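Beneath this line is the structure, given in C-alpha cells, with notes to follow.
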Amino acid sequence: MSEFEVHPREIADKSRPDALTAAIKLALSLESDAVRRNTQTFNRNRYRAIVQLPDYELLKDRARQIKEFSLNHLPELITRLQEVIEGRGGHFYLAKSAEQARTFIADVCEQHGARSVVKSKSITSEEIELNPELERRGIEVVETDLAEFILQVADEQPSHIVGPALHYSRERISALFERIFKPDEPLNSGEDLTRFARDRLRRRFLEAEVGISGANLVAADTGTLMLVESEANIRLTTTVPPVHIALAGIEKIVPRRSDLAPFVELIGPSATGQMLTSYV
C-alpha cells in the first residue's frame with residue numbers, strides 16, 4: 001500500500017493506537033496538502049479569467065439585480081414556473097422539506113420501475129440525503145461527475161461546492177482506483193483516470209431508467225433549466241434515460257430566459273477559471 005492510500009477509516013488494526021494515530025496524522029497531512037494545492041490552482045485560474053472580462057463588474061451588478069428581483073417575487077415566479085412546466089407536459093413538485101423532496105423523487109423512481117439511477121453533481125441532493133433514500137428502496141445510484149464518482153468509490157462526502165474532491169490529489173485517486181478496481185494498466189495521469197472512469201460510466205447511462213440533475217438556474221417564463229458543465233455527463237444524464245428529474249432550490253428561479261445570459265458569462269470564470277464551460 002502506498003502512502004496515498006492511507007485513510008483513517010481504512011485502518012484495520014485498531015489494537016495499535018500508535019499506528020492508528022500516525023496513520024490519521026499522515027492522512028490529514030496529505031489531505032491538507034491537496035486542499036492547499038487545489039485551492040491555489042482554483043484561485044489563480046479565477047483571477048486570470050476575471051481580468052479578461054472587461055465588463056466583469058457590470059455583469060456582477062446585473063446578476064445581483066436579477067437575483068434580488070427574483071427573491072422579492074418568488075411566489076409569483078413559482079406559480080408561473082409551475083404553469084409553464086405543466087403546460088408543456090412536465091411535472092412540478094414544490095417540496096416543503098428535505099424529507100418531502102427525497103420521498104417524492106424516490107416515489108417517481110419506483111413508479112417508473114427504476115433499478116438504476118444516474119446522477120450529475122448536485123449539492124442539493126447531498127443536503128437532502130437523497131442517495132441513502134434511493135438505496136434504501138433498492139435503487140442503485142451512480143454518480144457520474146468525475147469528482148463525485150471518486151467520492152462514491154471512496155465512500156466519502158463532498159468537501160467543496162465546486163470541487164467536491166478538492167481534498168484528493170491525483171496520486172491518491174490513482175491509488176484508490178487501483179486498490180478498488182485493480183485495472184490492467186497503471187493509472188498514472190489525469191487522462192488515464194478520466195478515461196478509466198468514462199469507460200466504466202458510459203454503459204451506466206444506457207442502463208439507467210432515471211437521470212437526476214440539479215439546475216444552475218431555472219427560467220420561469222419558459223421552464224428552461226440552465227446547466228453548465230465540462231464533462232458532458234450532465235448532457236447524458238438529462239437526455240439518455242427515459243425519465244429526467246431536476247432538483248433545484250427555489251432560489252435558482254429567475255424571471256426570464258434572457259436573464260440567464262450574465263450568469264453564463266460569470267459562472268465559468270468565477271468557479272473554475274474557464275472563460276466558458278465546455279457545455280451549456
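Since we're looking at a predicted model, the values are computed, not measured.
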| said: Out of the candidates E135, E207, E140, E209, only one should pair with R115 under the salt bridge (Lys or Arg N to Asp or Glu O under 4.0 Å) rule; please name it. | reply: E209
| note | Taken in chain and number order and not counting sequence neighbours, the residues that satisfy side chain to side chain donor-acceptor pair (under 3.5 Å) with T224 are T222
| said: Holding to side-chain contact (heavy atoms from CB on, under 4.5 Å), I want the full list of residues that pass it with S122, two or more places apart in sequence or in another chain. | reply: T124, S125, L247
| request: Output every pair passing side chain to side chain donor-acceptor pair (under 3.5 Å) with a member in residues 78-87, not counting sequence neighbours, ordered by first then second residue. | output: Q82-E86
| For V51, what are the other residues in its hydrophobic cluster, where any two members join if their side-chain heavy atoms are less than 4.5 angstrom apart? | none
| query | Can you name the residues that form a ring-ring contact (aromatic ring centres under 6.0 Å, His included) with Y93, not counting sequence neighbours? | reply | F104
| field | Which residues share a side-chain contact (heavy atoms from CB on, under 4.5 Å) with I173, sequence neighbours left out | value | I150, Y168, F177, L193
| task | Could you list who else is in I234's hydrophobic cluster, with ILVMFWY side chains joined at under 4.5 Å, directly or through other members? | result | L227
| Which residue pairs pass the ring-ring contact (aromatic ring centres under 6.0 Å, His included) test with at least one member in residues 242-280, sequence neighbours excluded? | none
| query | With sequence neighbours excluded, what pairs up with V228 under the side-chain contact (heavy atoms from CB on, under 4.5 Å) test? | reply | N216, M226, I267, T277, V280
| By side-chain contact (heavy atoms from CB on, under 4.5 Å), which residues pair with D221, not counting sequence neighbours? | A219, R256, R257
| message | Tell me every residue that passes ring-ring contact (aromatic ring centres under 6.0 Å, His included) with H73, counting only those two or more places apart in sequence or in another chain. | response | F69
| request: Just jot down the salt bridge (charged side-chain N to carboxylate O under 4.0 Å, His left out) partners of E110, sequence neighbours excluded, or say none. | output: R137
